[in-house]
A.B. asks: 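One structure coming up, written as structure tokens, with questions to follow.
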Amino acid sequence: MASFSFNFELEKFFPDGIKDEKLALDMISAGQEILQKNIQNATRKHVRTGSMANSVKCSKPLIDKNGDAVGRVKFYGTDEDGMLNWYKAIYIEYGTVTQPARPFIRTAIRSSESRVKAAMQKVFDRKLKF
């Protein structure tokens, strides 16, 4: 199944690394919430039933096999006709033979970057009491 991911190189922001896994997961979660809302808002421009916009959810952040904190924002479920919501998103984003591309996910991701960074920084600062 395809998914849309938004990744940050934490080393760019924290060169000495983050040794606190809970802090890293909390930071990822804060960023996911911002990204989820922005993708949902962008998705609402392509509403027929609302199922695609409502299907944008955050996965539970986790530490992967490489030791990286990872979280995803994805389209889950199907519409009332049984079509997978992530299929619809891909068709709109990249187009089809009969339908031109109408990118909205990439735009939402790009426009979220500064707010995601700020939300992650806020969690970091709160933990370290800056």
Side-chain angles (χ1 to χ4, degrees):
M1 177 156 97
S3 66
F4 297 98
S5 299
F6 191 61
N7 299 312
F8 282 106
E9 299 290 331
L10 287 177
E11 295 80 24
K12 289 181 183 176
F13 304 104
F14 313 110
D16 297 330
I18 297 177
K19 306 300 182 217
D20 183 343
E21 287 184 358
K22 181 171 179 356
L23 173 59
L25 295 175
D26 289 346
M27 290 172 65
I28 294 295
S29 182
Q32 282 179 292
E33 291 174 18
I34 303 292
L35 186 58
Q36 176 189 15
K37 288 176 186 165
N38 285 345
I39 291 175
Q40 283 176 327
N41 288 338
T43 303
R44 294 190 200 293
K45 297 174 187 167
H46 304 284
V47 171
R48 288 192 187 145
T49 66
S51 69
M52 188 172 65
N54 294 332
S55 77
V56 179
K57 307 276 186 220
C58 300
S59 67
K60 182 179 178 183
L62 54 87
I63 304 297
D64 70 8
K65 64 182 178 183
N66 298 320
D68 297 326
V70 179
R72 293 180 173 78
V73 177
K74 303 188 315 186
F75 293 90
Y76 289 89
T78 60
D79 66 12
E80 67 274 358
D81 296 325
M83 181 174 218
L84 293 167
N85 286 309
W86 67 269
Y87 270 16
K88 290 191 288 188
I90 288 172
Y91 294 155
I92 294 168
E93 184 78 7
Y94 295 102
T96 66
V97 172
T98 59
Q99 172 182 303
R102 294 177 285 159
F104 67 101
I105 299 167
R106 291 173 283 181
T107 305
I109 291 170
R110 284 187 204 113
S111 70
S112 301
E113 187 173 357
S114 63
R115 285 176 279 172
V116 167
K117 287 178 186 177
M120 293 173 76
Q121 185 68 52
K122 184 176 179 181
V123 170
F124 183 78
D125 292 347
R126 188 173 47 230
K127 171 73 175 186
L128 299 179
K129 301 196 183 5
F130 281 118

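None of the values given here were measured: they were computed from a predicted structure.
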A.B. asks: Could you list the residues that satisfy salt bridge (charged side-chain N to carboxylate O under 4.0 Å, His left out) with Arg102, not counting sequence neighbours?
C.D. replies: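 For Arg102 there are no salt bridge (charged side-chain N to carboxylate O under 4.0 Å, His left out) partners, ignoring immediate neighbours.
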A.B. asks: Taking side chain to side chain contact (heavy atoms under 4.5 Å, CB included) as the definition, give me every residue that meets it alongside Tyr87, ordered by chain and number, with sequence neighbours left out.
C.D. replies: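 Per chain and number, Tyr87 pairs via side chain to side chain contact (heavy atoms under 4.5 Å, CB included) with Met83, Leu84, Tyr91.
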A.B. asks: In a check of side-chain contact (heavy atoms from CB on, under 4.5 Å) between Lys117 and each of Glu113, Met120, Gln121, which one passes?
C.D. replies: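 Of the listed residues Glu113, Met120, Gln121, the side-chain contact (heavy atoms from CB on, under 4.5 Å) partner of Lys117 is Glu113.
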A.B. asks: Got a sec, which residues hit side chain to side chain contact (heavy atoms under 4.5 Å, CB included) with Leu25, two or more places apart in sequence or on another chain?
C.D. replies: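 Expected list: Pro61, Ile63, Ala69.
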A.B. asks: Does some side-chain heavy atom of Arg126 sit less than 4.5 Å from a side-chain heavy atom of Val123?
C.D. replies: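 Heavy-atom side-chain distance check passes, below 4.5 Å.
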A.B. asks: Return all side-chain donor-acceptor pairs below 3.5 angstrom for residues 28-36, not counting sequence neighbours, or 'none' if the list is empty.
C.D. replies:
unit_1 : atom_1 : unit_2 : atom_2 : d
Gln32  : NE2    : Ser59  : O      : 2.9
Gln32  : NE2    : Arg72  : O      : 2.8
Gln36  : NE2    : Val56  : O      : 2.9

A.B. asks: If you look only at pairs with a residue in residues 54-67, which of them pass as a salt bridge (charged side-chain N to carboxylate O under 4.0 Å, His left out), with sequence neighbours excluded?
C.D. replies: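 Output for this query is empty, none listed.
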A.B. asks: So do the side chains of Tyr94 and Arg106 get within less than 4.5 Å of each other, counting heavy atoms only?
C.D. replies: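 Of all side-chain heavy-atom pairs linking Arg106 with Tyr94, at least one is under 4.5 Å.
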A.B. asks: Just by modelled atom types, is the Asp81 backbone N or O under 3.5 Å from a matching donor or acceptor in the Asp79 side chain?
C.D. replies: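 Present.
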A.B. asks: Give me the atom names and distance for the closest heavy-atom approach of Ile92 to Gln99.
C.D. replies: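 Scanning both residues completely, I find the closest heavy atoms to be CA-NE2, 3.7 Å.
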A.B. asks: Check Met52 against Ser55 and note the closest heavy-atom contact, atom names and distance.
C.D. replies: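 Between these two residues, the closest heavy atoms are O-OG, 2.7 Å.
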A.B. asks: Tell me every residue that passes salt bridge (charged side-chain N to carboxylate O under 4.0 Å, His left out) with Lys22, counting only those two or more places apart in sequence or in another chain.
C.D. replies: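 Expected list: Asp26.
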A.B. asks: Could you give the distance from CD1 (Ile90) to CG (Asn85), rounded to the nearest 0.5 Å?
C.D. replies: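 So the CD1 of Ile90 and the CG of Asn85 are separated by 11.5 Å.
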A.B. asks: Under the side-chain contact (heavy atoms from CB on, under 4.5 Å) rule, what do Lys88 and Thr78 come out as? Steps first, then yes or no, please.
C.D. replies: CA-CA 9 Å; Lys88 290 191 288 188; Thr78 60; over 6 Å; no
A.B. asks: Any chance you could lay out the side-chain contact (heavy atoms from CB on, under 4.5 Å) test for Phe75 and Ile39, step after step, and finish with the verdict?
C.D. replies: CA-CA 10 Å; Phe75 293 90; Ile39 291 175; 3.9 Å; yes
A.B. asks: Between Val116 and Met27, is any pair of side-chain heavy atoms under 4.5 Å apart?
C.D. replies: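 Sidechains of Met27 and Val116: no contact.
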A.B. asks: Starting at OG1 of Thr43, measure out to CG of Asn38 and round the result to the nearest 0.5 Å.
C.D. replies: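 Going from the OG1 atom of Thr43 to the CG atom of Asn38 covers 10.5 Å.
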